[in-house]
Amino acid sequence: TSSTGDAANQYALAFLSVRALAAPAVFAMEASTGVLRGYLDTKTPIVVLIVANVINLALDVLLIAYAGLGPLGAGIATTT
């Protein structure tokens, strides 16, 4: 929009385009978590969530700080 400027729009577009591509995988992961909870297995989804967040944090540091990808790197890291 005109209030945020062109640079912010480009950052948002880069981030959201990666996130949109990963939407089916995110949906499958959420469905799998729901199935496991339906079987009263709440430990496995928590372990998967913790591992995913650790991977996300590591990839954020690598892709944003070291690779210099900025919001695109954040989008890639968030989708894993």
Side-chain angles (χ1 to χ4, degrees):
T1 65
S2 61
S3 63
T4 58
D6 233 10
N9 288 339
Q10 292 301 322
Y11 290 148
L13 185 61
F15 180 83
L16 292 174
S17 62
V18 171
R19 291 293 291 154
L21 290 174
V26 171
F27 178 71
M29 186 69 173
E30 293 299 322
S32 300
T33 301
V35 168
L36 288 172
R37 287 181 184 161
Y39 284 121
L40 300 178
D41 179 7
T42 56
K43 187 179 279 188
T44 303
I46 293 292
V47 170
V48 170
L49 181 66
I50 290 169
V51 170
N53 280 306
V54 168
I55 292 170
N56 181 17
L57 177 64
L59 284 175
D60 274 335
V61 171
L62 279 171
L63 296 175
I64 296 170
Y66 293 113
L69 294 177
L72 178 63
I76 294 169
T78 304
T79 58
T80 56

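Positions are given from 1, in the same order as the sequence printed here. Just so it is clear, the model here is predicted, and its values are computed rather than measured.
Taking CD1 of Ile46 as the start and CD1 of Ile50 as the end, the distance is 6.5 Å to the nearest 0.5 Å. Atom OG1 of Thr42 sits about 8.5 Å away from atom CZ of Arg37, to the nearest 0.5 Å.
Residues Leu59 and Leu16 are members of separate hydrophobic clusters, defined by side-chain heavy-atom contacts under 4.5 angstrom among Ile, Leu, Val, Met, Phe, Trp and Tyr. With hydrophobic clusters built from ILVMFWY side chains whose heavy atoms lie under 4.5 angstrom apart, Ile55 does not share a cluster with Leu21.
Taking Thr44 as the reference, Leu36, Asp41, Val48 meet the side-chain contact (heavy atoms from CB on, under 4.5 Å) condition, with sequence neighbours excluded. With sequence neighbours excluded, the residues that form a side-chain contact (heavy atoms from CB on, under 4.5 Å) with Val61 are Tyr66. Under the side-chain contact (heavy atoms from CB on, under 4.5 Å) criterion, Ala14 pairs with Leu72, sequence neighbours left out. Residues passing the side-chain contact (heavy atoms from CB on, under 4.5 Å) test with Leu49 are Asn53, sequence neighbours excluded.
Counting all heavy atoms, side chain and backbone alike, Val26 lies closest to Arg19 at CG2-NH1, 4.3 Å. Residue Pro71 comes nearest to Phe15 through the heavy atom pair O-CD1, 3.4 Å, listed as atom of the first residue, atom of the second, then distance. The shortest non-hydrogen separation linking Leu63 to Ile76 is CD1-CG2, 3.7 Å.
A 4.5 Å side-chain heavy-atom check between Asn56 and Asp60 finds at least one atom pair inside the cut-off.
Residues near Ile64 contribute nothing to a hydrophobic cluster around it, because no ILVMFWY side-chain heavy atom sits closer than 4.5 Å to its side chain. With side-chain heavy atoms closer than 4.5 Å counting as contact, directly or through intermediates, Leu57 stands alone and belongs to no larger hydrophobic cluster.
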